[in-house]
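Below is one structure, written out as structure tokens; the observations come after it.
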Amino acid sequence: MAEAVQELKFDTKLIHGGTCLGPSGATKPPIVQASAFAYQTAEELEDVFKGRAVGPVYTRIGNPTLEGLEKRLAVIEDGIAAVVTSSGMSAITTAVMAVVRSGDEILSSASLFGGTYSLFHDTLANYGITTHFFDPTDLGALAAGINESTRLIFVETIGNPKMDVPDIEAFSAIARRHGIPLMVDATVSTPYLARMRELGADLIIHSTSKYINGTANSIGGAIIDAGSFDWRSDKFPHFEQFHRLYRNFAFTARVRKLIHKDFGACAAPLNAFLSGEGLETLALRMERHCSNALELARFLQAHPKVAWVNYPGLPDSPFHEVAGRQFGGRFGGLLTFGLADKPAAFRLINGLRLAKNLANIGDTKTLVIHPASTICADYTPEVKALMGVGEELVRVSAGIEDPADIIEDFRAALERV
């Protein structure tokens, strides 16, 4: 009788899941810095192109270093496959374009990262794809927004920078009733807080540039196929040939053989290697990110110059219950707060000595930005309001420094406001 194999715990999966020894027993995967791969015979290369054999051909399509990261991400997200891309935005674009066609519609949360909003509202509209935005905390609005042309529901696990937290399981139930895939951007929550497949997501997006990499030394993105959606629907005739040939892997096959191949937004081998390095310490870092964000949020909430603090870890947050339930009592490393006005926000940012003023999140360092004048600068006041971005708002990505030093940095800066 075969001995049962013990399922690895999540923290262990980050280090050992989907990995194997490299050449000569190396415990790190090789960086295969090559653009193309040779075969001994014409017959061998023909077999790879026709799918009768597996092997790399061209790094735009696949590369051993990229494949190693893909296997690891699929394992930790409990998915069936993953595709890594050149950035988080390229992951969203590739995944969305694999699902929708001209004339189709997307139903998306209004609480979005600025780049995603631009993609949905502006760029995709030029290709005949319409996006309708709704309040992700209003399940009635989600259900009411679905029509005969809806082909995709999109949501972020924690709205950036609005900090609202949708109920993913409830979203999934509605999506399943209507036979529509649910795509979830889990960049801010990461798989450490929750595996989205367990909550009902069909397609999972990560900007690996953020918490997965963790040290801001490269950019990248990832698409994870949960294998949970049945693409044999009349709504998706463009998946018919892929399902016939690849069954449960129909989505990943369409991405690899068509969209990803033709758009060419492939990850660089070195960037994939660096993201894999960061993945090993994700659990340790996220624990500190979450605890530091909570301590900073409590400090800011008690400060007389701070008008409000938006962090789901605070008991008075309207998203405290659903976030605690979904994320196992942790609430992420991102928070926002408001001061009197834009000049006060600028004085605060200019007065910080430890926190870095830049457009990123998920670094080991504490990061700060004024979204209204930077990442959301091109949007109208109406769109900014929809995204929860006011002139008084400051966004903080809590790093993993000693919390006392982070708090002292903000305390000293607030004295100058």
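Bear in mind the structure is a predicted one, so any value in this text is a computation, not a measurement. Every heavy atom of this structure was used, including side-chain atoms; hydrogens, water molecules and symmetry mates were not.
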* To do: Report the C-alpha separation of Asn217 and Asn213 in whole Å, then their side-chain angles, then the decisive distance to 0.1 Å, and conclude whether the side-chain hydrogen bond (donor to acceptor under 3.5 Å, both in side chains) test is met.
  => CA-CA 8 Å; Asn217 59 20; Asn213 175 283; 2.8 Å; yes
* Test Glu105 against Asn147 for side-chain hydrogen bond (donor to acceptor under 3.5 Å, both in side chains), laying out the working first. => CA-CA 9 Å; Glu105 297 185 3; Asn147 61 45; 2.9 Å; yes
* To do: For the pair Thr94 and Val83, evaluate side chain to side chain contact (heavy atoms under 4.5 Å, CB included) and give the outcome as yes or no after the intermediate values.
  => CA-CA 10 Å; Thr94 300; Val83 177; 5.9 Å; no
* To do: Dump the intermediate steps for side chain to side chain contact (heavy atoms under 4.5 Å, CB included) on Val100 and Val96, then the final yes or no.
  => CA-CA 6 Å; Val100 300; Val96 168; 3.8 Å; yes
* Asked: Please walk me through it: do Thr208 and Ser218 pass side chain to side chain contact (heavy atoms under 4.5 Å, CB included)?
  -> CA-CA 9 Å; Thr208 58; Ser218 61; over 6 Å; no
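Atoms CG and CD1, from Asp402 and Ile407 in turn, are 9.0 Å apart once rounded to the nearest 0.5 Å. The distance from atom NZ of Lys305 to atom CG of Leu339, rounded to the nearest 0.5 Å, is 9.5 Å. Atom CD1 of Ile223 and atom CG of Leu73 lie 11.5 Å apart (nearest 0.5 Å). Taking NE2 from His121 and CG from Leu386, the interatomic distance works out to 9.0 Å, rounded to the nearest 0.5 Å. Taken to the nearest 0.5 Å, the CD1 atom of Ile129 stands 5.0 Å off from the CG atom of Leu124. Separating the CG atom in Asp262 from the NZ atom in Lys257 is a distance of 12.0 Å, to the nearest 0.5 Å.
Between Val396 and Thr336, the closest side-chain pair of non-hydrogen atoms is not below 4.5 Å. The shortest distance between side-chain heavy atoms of Leu300 and Leu414 falls below 4.5 Å. You'll find the side chain of Leu152 stays beyond 4.5 Å of the side chain of Leu107, heavy atoms only. Side-chain contact between Met89 and Leu119 is present, with heavy atoms from C-beta onward closer than 4.5 Å. Taking 4.5 Å as the limit, every side-chain heavy atom of His370 sits out of range of all side-chain heavy atoms of Leu393.
Thr12 contributes no side-chain N or O that, together with a main-chain N or O of Leu8, makes up a donor-acceptor pair within less than 3.5 Å. For Arg60 (side chain) and Cys266 (main-chain N/O), no donor-acceptor pair under 3.5 Å exists by modelled atom type. At distances below 3.5 Å, at least one donor-acceptor pair connects side-chain atoms of Thr366 with backbone N or O atoms of Gly399. Between the side chain of Lys210 and the backbone N or O of Thr187, no donor-acceptor pair lies under 3.5 Å. Side-chain N or O atoms of Thr65 include one that pairs as donor or acceptor with a backbone N or O of Pro30 at under 3.5 Å. Without hydrogens or angle criteria, Ser118 side chain to Gly114 main chain gives no donor-acceptor distance under 3.5 Å. Within the 3.5 Å criterion, the main-chain N or O of Ala98 finds no donor-acceptor partner in the side chain of Arg101. Distance alone, capped at 3.5 Å, is enough to place a donor-acceptor pair between the His289 side chain and the Ala398 backbone. Judged purely by atom type and a 3.5 angstrom limit, Ser90 has no side-chain atom pairing as donor or acceptor with the backbone of Thr85. Checked by atom type and distance alone, the side chain of Thr281 pairs as donor or acceptor with a backbone atom of Gly278 at under 3.5 Å.
Applying the side-chain contact (heavy atoms from CB on, under 4.5 Å) criterion to Ala144, with sequence neighbours excluded, gives no partner residue. With sequence neighbours excluded, the residues that form a ring pair (Phe, Tyr, Trp, His ring centres under 6.0 Å) with Phe154 are Phe120. Scored by the ring pair (Phe, Tyr, Trp, His ring centres under 6.0 Å) test, Phe299 finds His303 as partners (sequence neighbours excluded). With sequence neighbours excluded, the residues that form a side-chain contact (heavy atoms from CB on, under 4.5 Å) with Ser291 are Arg288. Legend: residues meeting ring pair (Phe, Tyr, Trp, His ring centres under 6.0 Å) with Phe242, ordered by chain and number and at least two apart, are absent. Looking at residues two or more places apart in sequence or on another chain, you find no ring pair (Phe, Tyr, Trp, His ring centres under 6.0 Å) involving Phe273.
With respect to Arg411 and Glu408, a salt bridge is recorded, a charged nitrogen being found less than 4.0 Å from a carboxylate O. Using a cutoff of 4.0 Å between basic side-chain nitrogens and carboxylate oxygens, Glu277 and Lys28 are scored as salt-bridged. Look at Glu7 and Lys13 and you find a salt bridge, because one of the NZ, NE, NH1 or NH2 atoms lies within 4.0 Å of a carboxylate O, short of that distance.
In terms of heavy atoms, Cys376 sits closest to Met387 at SG-CE, 4.1 Å. Between Ile212 and Arg285 the shortest heavy-atom distance is O-NH2, 3.3 Å. Considering every non-hydrogen atom in both Gly88 and Ile205, the closest pair reads O-CG2, 4.5 Å. Taking each heavy atom of Ile76 and Pro191 in turn, the nearest pair found is CD1-CG, 3.8 Å. Considering all non-hydrogen atoms of both residues, Ala253 and Tyr246 come closest at CB-CD1, 3.4 Å. Considering all non-hydrogen atoms of both residues, Pro181 and Asp202 come closest at CA-OD2, 3.4 Å.
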Pairs under 3.5 angstrom only: tabulate donor-acceptor contacts from the side chains of residues 344-355 to other protein residues two or more places apart or in another chain.
unit_1	atom_1	unit_2	atom_2	d
Asn350	ND2	Phe346	O	3.2
Arg353	NH1	Asn350	O	3.1
Arg353	NH1	Gly351	O	3.4

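The salt bridge (Lys or Arg N to Asp or Glu O under 4.0 Å) analysis of residues 227-252, with sequence neighbours excluded, yields the pairs Asp230-Arg232. Legend: ring-ring contact (aromatic ring centres under 6.0 Å, His included) pairs involving residues 86-109, not counting sequence neighbours: none detected. Pairs of residues two or more places apart, or lying in two chains, that qualify as side chain to side chain donor-acceptor pair (under 3.5 Å) and include a residue from residues 157-171 are Ser111-Asp164, Thr157-Ser189, Asn160-Arg395, Asp167-Arg325. Every pair tested for ring-ring contact (aromatic ring centres under 6.0 Å, His included) that includes a residue from residues 70-113 fails, sequence neighbours excluded, so the list is empty. Within the structure, the ring-ring contact (aromatic ring centres under 6.0 Å, His included) test picks out the following pairs touching residues 304-330 (sequence neighbours left out): His320-Phe331.
With Phe249 as the aromatic partner, Arg254 does not meet the cation-pi criteria of under 6.0 angstrom to the ring centre and within 45 degrees of the ring axis.
When ring centroids are compared, Tyr192 and Tyr211 stay outside the 6.0 Å threshold.
Note on ring orientation: taking the six-membered ring where Trp is involved, the planes of Phe251 and Phe239 are parallel (angle under 30°, cut-offs 30° and 60°).
With Leu182 as reference, Val155 is the one residue of Leu203, Val155, Ile174 to meet the side chain to side chain contact (heavy atoms under 4.5 Å, CB included) rule.
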